[in-house]
There are 2 protein chains.
Amino acid sequence: MSSIKEVAKQAHVSVATVSRVLNNDPVVKPATKNKVLQVIKEMNYKPNLLAKNLRKQASRTVVMVLPSMSNPYFSEIARGAQAAAYDKGYNIIIGTIESKRWILDTYINMLKTNLAEGIVFVSSSVSKELLETLVDEYSVVLCTEYYPGINAACVAIDNKKAGYEAARELIRRGHTHIAYIAGSSASSSVAARIEGYKEALNEAGIPFRPELIAGAKNKFEHVKEIVNGILGQGMQIDGILTHSDLQASYVLKGIKEKSIGLSDEVGLVSFDGTFVAEITNPTLTSIVQPLYDLGYTSVCKLIEKLQGESGDEEEGLILLPHHLEVRET
Amino acid sequence: MSSIKEVAKQAHVSVATVSRVLNNDPVVKPATKNKVLQVIKEMNYKPNLLAKNLRKQASRTVVMVLPSMSNPYFSEIARGAQAAAYDKGYNIIIGTIESKRWILDTYINMLKTNLAEGIVFVSSSVSKELLETLVDEYSVVLCTEYYPGINAACVAIDNKKAGYEAARELIRRGHTHIAYIAGSSASSSVAARIEGYKEALNEAGIPFRPELIAGAKNKFEHVKEIVNGILGQGMQIDGILTHSDLQASYVLKGIKEKSIGLSDEVGLVSFDGTFVAEITNPTLTSIVQPLYDLGYTSVCKLIEKLQGESGDEEEGLILLPHHLEVRET
DNA sequence: CTGAAAGCGCTTACAG
DNA sequence: CTGAAAGCGCTTACAG
């Protein structure tokens with residue numbers, strides 16, 4: 001109802017002055033300012049941000065897209081992202097792709113139609129090709145996955161080191177036939193973790209067997225098939241590394257219901273360290289990622305970029321610390 | 001860069017005509033339309049929605065606030081909500097309160113500053129007092145929790161019936177000392193489920209013991225304390241109903257690590273039916289709620305309300321079906 | 001069927 | 001220190 005014009009009339013000043021006090025312009029005389037402030041309060045006036053945004057050609061909104069929310073891994077990242085946006089005075093729109101291209105397009109359209117100023121892509125929620133077309137027109141930050149050759153900041157953990165540490169833990173316990181259930185897509189994090197895993201094997205003098213590596217989705221049936229597939233080739237397995245807590249929980253489930261041909265003596269180390277790792281039985285030993293911080297830092301980087309003048313500095317990889325949490329598996 | 005004005009110039013028409021083809025106004029001559037469409041494509045023009053929104057005084061955006069995302073219960077609701085928004089051509093902003101009043105205020109401010117047109121509150125993400133001040137000025141829908149006396153549509157399951165069915169299942173198995181770990185807040189769903197529980201006891205001739213009921217948060221420590229507190233009073237427990245899957249998983253954890261004084265013979269029925277119920281060991285018997293549909297329907301109702309002319313019809317309770325899924329506990 | 005013009009509610013040089 | 005005025009990029013009666 002009430003617009004800036006009515007406030008101006010009531011306060012006997014111009015709309016310009018009202019706008020100035022709204023924006024805390026120090027130039028307005030205290031007496032004037034107080035009068036206007038009082039009228040604003042009396043009228044319960046709230047500025048129409050639709051108008052402000054148009055005038056300033058800025059929505060002060062960023063978007064974060066994630067593959068889904070079904071994995072608590074992503075909700076923690078989203079939580080950090082939300083906090084960062086508020087700390088910086090931005091709105092944030094968090095969306096999940098659910099593997100649907102049209103949903104992704106909806107969010108990208110927000111960029112193109114001025115509804116959002118920048119975007120962070122979490123995990124592999126976007127293809128490299130699409131990214132290439134976006135990167136020089138819009139501000140984008142990557143979270144969790146790195147795309148070499150793409151000029152966008154990426155916030156992640158040191159996946160190679162993490163893969164190394166996870167494998168070393170199993171080796172330390174005496175496991176030598178270590179399967180690696182990687183993520184379902186060929187991503188930079190998968191590649192890096194495998195590299196680290198190989199390094200740990202190498203260090204321990206254990207031969208690398210490519211047959212022990214396979215990707216799987218975060219679905220019970222898929223994980224079961226993959227593990228049984230490896231066993232079916234006559235491979236032994238006495239240790240497993242999984243790409244996520246969820247996958248590890250499925251391994252446990254399969255062992256328990258005997259649909260996966262492994263004994264419960266198998267060593268199991270998962271990635272992520274979400275609450276899932278603590279509610280399984282046994283609880284999961286895992287590489288815990290600083291999920292909240294990953295989300296928080298990604299959004300901060302994005303907003304810095306939006307506010308930076310040149311923005312032409314080299315975009316790089318920002319690594320956040322992870323750690324191995326030894327639990328029961 | 002390119003605005004409607006430049007498209008108009010290139011196409012040798014007025015901006016009014018460009019606007020008309022943009023909005024699919026059937027009045028424009030096909031030849032003109034095609035010419036404009038072609039220029040739009042050539043220039044890769046995208047309308048500035050900031051301007052459109054201001055002009056139309058509508059953001060075509062709704063918000064959904066949830067207490068948090070840490071419980072997969074909420075992420076499923078959010079998933080449904082997102083889908084509904086897209087199906088209806090709206091943007092949706094999904095936010096989590098994390099028990100912080102200032103975050104809630106941020107989202108409510110989006111309503112007041114014209115950034116959003118309506119809001120759905122999930123679970124007890126808002127107090128009744130605040131709701132009362134919002135309800136006659138803005139479009140609001142409640143999801144999961146009902147506030148009697150508040151004129152807002154509410155989408156939920158029949159909690160009384162669900163509580164009844166959950167309790168009856170335990171009674172059917174021969175359990176007679178059934179504890180009820182309710183939600184942490186005094187909410188309509190808690191009250192209704194307890195009513196149903198009482199009804200089942202009554203039907204079976206089992207006396208109701210108020211000492212067997214206690215609220216708990218979705219925290220391991222809290223659930224442990226509550227259960228042990230009941231046992232400490234000298235109460236027996238051979239069955240438990242929990243407000244959430246998460247709480248049930250904590251009971252299981254406590255039994256396993258012997259920090260909760262219960263045997264694994266205890267009957268356990270949880271509410272929600274999220275993936276948590278399937279990854280615990282044993283898996284959880286639970287009342288599964290149509291989470292996705294709850295979110296989807298809530299947003300649909302909200303948008304209908306926004307689009308409805310009068311909007312003065314009586315707001316009511318919309319009940320969606322649930323069912324009992326018997327698993328291992 | 002199309003165009004000229006007003007206006008959505010703000011912000012911000014510019015002048016005083 | 002304050003105001004008049006232009007303008008952000010659209011939409012939409014109104015006139016023709």
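Order of the sequence lines fixes the chain letters, A, B, ..., with proteins taken first and strands second; residue numbering starts at 1 for each chain.
Atom C1' of nucleotide D/dC8 and atom CG of A/Leu49 are separated by 15 Å, given to the nearest angstrom. Atom CG in A/Asn53 sits about 14 Å away from atom C1' in C/dC8, given to the nearest Å. Atoms NZ (B/Lys5) and P (D/dG9) sit 7 Å apart, rounded to a whole Å. Atom C1' of nucleotide C/dC8 and atom CG of B/Asn48 are separated by 13 Å, given to the nearest angstrom. Note: CG (A/Leu50) to C1' (D/dC10) measures 12 Å, nearest angstrom. The nearest whole Å value for the distance from the NE2 atom in A/His12 to the P atom in D/dC1 is 21 Å. B/Lys35 places its NZ atom 12 Å from the C1' atom of C/dC1, with the value rounded to the nearest Å. Protein atom NZ of B/Lys9 is 15 Å distant from nucleotide atom P of C/dG3, rounded to whole Å.
With A/Gln82 contributing its side chain and B/Thr96 its backbone, the two residues share a donor-acceptor pair below 3.5 Å. For A/Arg79 (side chain) and B/Met69 (main-chain N/O), no donor-acceptor pair under 3.5 Å exists by modelled atom type. With A/Ser298 contributing its side chain and A/Leu294 its backbone, the two residues share a donor-acceptor pair below 3.5 Å.
In summary, the side chains of B/Ser68 and B/Ser70 do present a donor paired with an acceptor at a separation below 3.5 Å, with no hydrogens or angles considered. No side-chain donor from either of B/Asn48 and A/Lys112 sits under 3.5 Å from a side-chain acceptor of the other. Using modelled atom types, one finds a donor on one side chain and an acceptor on the other under 3.5 Å when comparing A/Glu145 with A/Ser188.
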With B for base contact, S for sugar-phosphate-only contact and - for none (protein heavy atoms under 4.0 Å), nucleotides 11-16 of chain D reads BBB---

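Taking CD1 of A/Ile303 as the start and CD1 of A/Ile92 as the end, the distance is 7.5 Å to the nearest 0.5 Å.
With both ends at atom C1', the span from C/dG16 to C/dT12 equals 16 Å, rounded to whole Å.
B/Tyr45 has a side-chain polar atom (N or O) that falls below the 4.0 Å cut-off from OP1 or OP2 of D/dC10.
The stretch residues 24-34 of chain B comes close to DNA chain C through B/Val27, B/Val28, B/Lys29, B/Thr32, each having a heavy atom under 4.0 Å from the strand.
Nucleotide D/dG16 is matched to C/dC1 when pairs are restricted to Watson-Crick or G-U wobble geometry with both distances under 3.5 angstrom.
Between B/Tyr107 and A/Tyr86, the distance separating the two ring centers is shorter than 6.0 angstrom.
Ion pair A/Lys9/A/Glu6 not flagged as a salt bridge, since none of the NZ, NE, NH1 or NH2 atoms sits closer than 4.0 Å to an Asp/Glu carboxylate oxygen.
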